[in-house]
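Predicted model, so just to flag it, every value in this text is computed and none were measured.
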Protein chains: 2
Amino acid sequence: MTTSESCSDCSVRDQALCGSLTNHELESLNRLGRRRHVAKGETLAWAGDDNLVCGNLLSGVLKLSSATTDGREQIVGLLYPADFVGRPFADQVDYDCTALTDAELCVFPREPFERALADHVQMERLLLQRVLAALGDARGRIVSLGRGSASGKVAGFLLDLADRAGTSGCRAMPGGPLTFDLPLSRGEMADVLGLTIETVSRQMTAMKTAGIISLPGGRAVTILDRQALEARLD
Amino acid sequence: MTTSESCSDCSVRDQALCGSLTNHELESLNRLGRRRHVAKGETLAWAGDDNLVCGNLLSGVLKLSSATTDGREQIVGLLYPADFVGRPFADQVDYDCTALTDAELCVFPREPFERALADHVQMERLLLQRVLAALGDARGRIVSLGRGSASGKVAGFLLDLADRAGTSGCRAMPGGPLTFDLPLSRGEMADVLGLTIETVSRQMTAMKTAGIISLPGGRAVTILDRQALEARLD
DNA sequence: CGGCGCTTTGACTCGAATCAATAGGAGTGG
DNA sequence: CCACTCCTATTGATTCGAGTCAAAGCGCCG
């Protein structure tokens, strides 16, 4: 794994922040950054650490989480490829950042990156938009956590994942069955939704029994009846 | 209520975004904006509306909320003086924005404001930081909603308000009793915390009975024993 | 095969929601 | 000033859903 990979072969070249840069600008940013591979389960940064790096996620899924005093954790956000990772202008890391799957990032030391931001107004603009999107995502999660029943939360989560998988993966027919792999364990789903493992499991089997989804094995899920899923949102 | 008030007498002049501007820049922005007063209970914008304005909150408290199908609502955020209101770069309003108290804003038409942002890099930078802060706030709310017990949620909320009141109001002694007015009704507290009115009320009286707080009347609250409140967070 | 981690399933408990009634407080008008 | 209404808050009795505790089941890898 060399550190000299160029941006031209970047899998998220046109979706991530750097898409706003000219080739020449990209060149100078590229000298700042390096590729980093993280294994599934590995934690990139712990809440409270000095905030040293930020970057773009190239592949894989990360979770942002906060440990609670009772030994469990609450996941406050999930990061997918092309998402921005880290929090500029903060001295400390605010949430644990852990890989749910093997993942690859393009990381920059924070301070030079902040200087680069100032030089590339377009990039700062894109970052602003991304943070606004993250804020929208977080607020959506608030609504789901505050109001939903257990079945509503699980249904909503599956729909979120389906939409995300639907854009990249392929669906035979709009409205037809859609299969994808959950990037999380039952326990992690519980930590996202503010439920327990047992409750998540029960909801999943209830939906399977109702013929709304099927669980072909492993972490795969097939959505058989999207409308029924939407009807469960409450 | 004239619309020609100048920025020089603005109560949040040095805390809000505009604090980054020179007097000359301020002048040109001032021509864009106007003061707007909203009465308690009035809704500035409804989710789904065309997104026409943004601005700074000068005084009062606003709520951002989402109506749920069961007729209740979830409050996703509270806005205090000097906070930025609205979401640049979005075509539609994403959450209802309603005044919890009488409030005063300095509003700008969205599109000209976005252009002004581009011209004033420093202001865009400050906006970015503010949105990052809002994201942190939202994520904190996620943790509280996902994990806390009812008493933990109420205790945490009171502590938040106390900290906010503590900076502007005055506290006789650090650690000593602190009194402030709730800007929300019981029902609104319930909508913030994802609880019911009855549960919030019960938690408040339980804390009063335990000697942790007192409720002098109206919407006032006195925190008698901050440590006990912190111990209730879970 | 056997052990380990993740998931499912079951029986029971407990906390918050719900349903329902009462109390308090602000404002109005006689 | 009191009587009345309206609205918010409190309190009580009961229900219900998710948590907890406990026991299998299953898949995976050594």
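Test A:Q227, A:R226, A:R232 against A:E230 for side chain to side chain donor-acceptor pair (under 3.5 Å) and you get one pass: A:R226. Partner of A:L62 under the side chain to side chain contact (heavy atoms under 4.5 Å, CB included) criterion, chosen from A:T98, A:V85, A:D83, A:L78: A:V85.
For the segment residues 194-211 of chain B, residues with any heavy atom less than 4.0 angstrom from an atom of DNA chain D are, sorted by number, B:I197, B:E198, B:S201, B:R202, B:T205. The stretch residues 185-193 of chain A does not touch DNA chain D, since none of its heavy atoms comes less than 4.0 Å from the strand.
Side chain of A:T222 to backbone of A:T179: no donor-acceptor contact under 3.5 angstrom is found. Counting only distance, with no hydrogens or angles, the side chain of B:N51 and the backbone of B:R87 share a donor-acceptor pair below 3.5 Å. Side-chain N or O atoms of B:T199 include none that pairs as donor or acceptor with a backbone N or O of B:L195 at under 3.5 Å.
Atom-to-atom, CG of B:D70 to C1' of D:dG17 comes out at 15 Å; the value is rounded to the nearest Å. Following rounding to the nearest Å, A:R147 (CZ) and C:dA17 (P) show an atom-to-atom distance of 9 Å.
Between A:C54 and A:F84 the shortest heavy-atom distance is CB-CZ, 3.6 Å. Considering every non-hydrogen atom in both A:P88 and B:L132, the closest pair reads O-CD1, 3.7 Å.
Residue A:R72 has no polar side-chain atom (N or O) positioned under 4.0 Å from OP1 or OP2 of D:dG19.
With sequence neighbours left out, A:F157 forms a ring-ring contact (aromatic ring centres under 6.0 Å, His included) with no residue at all.
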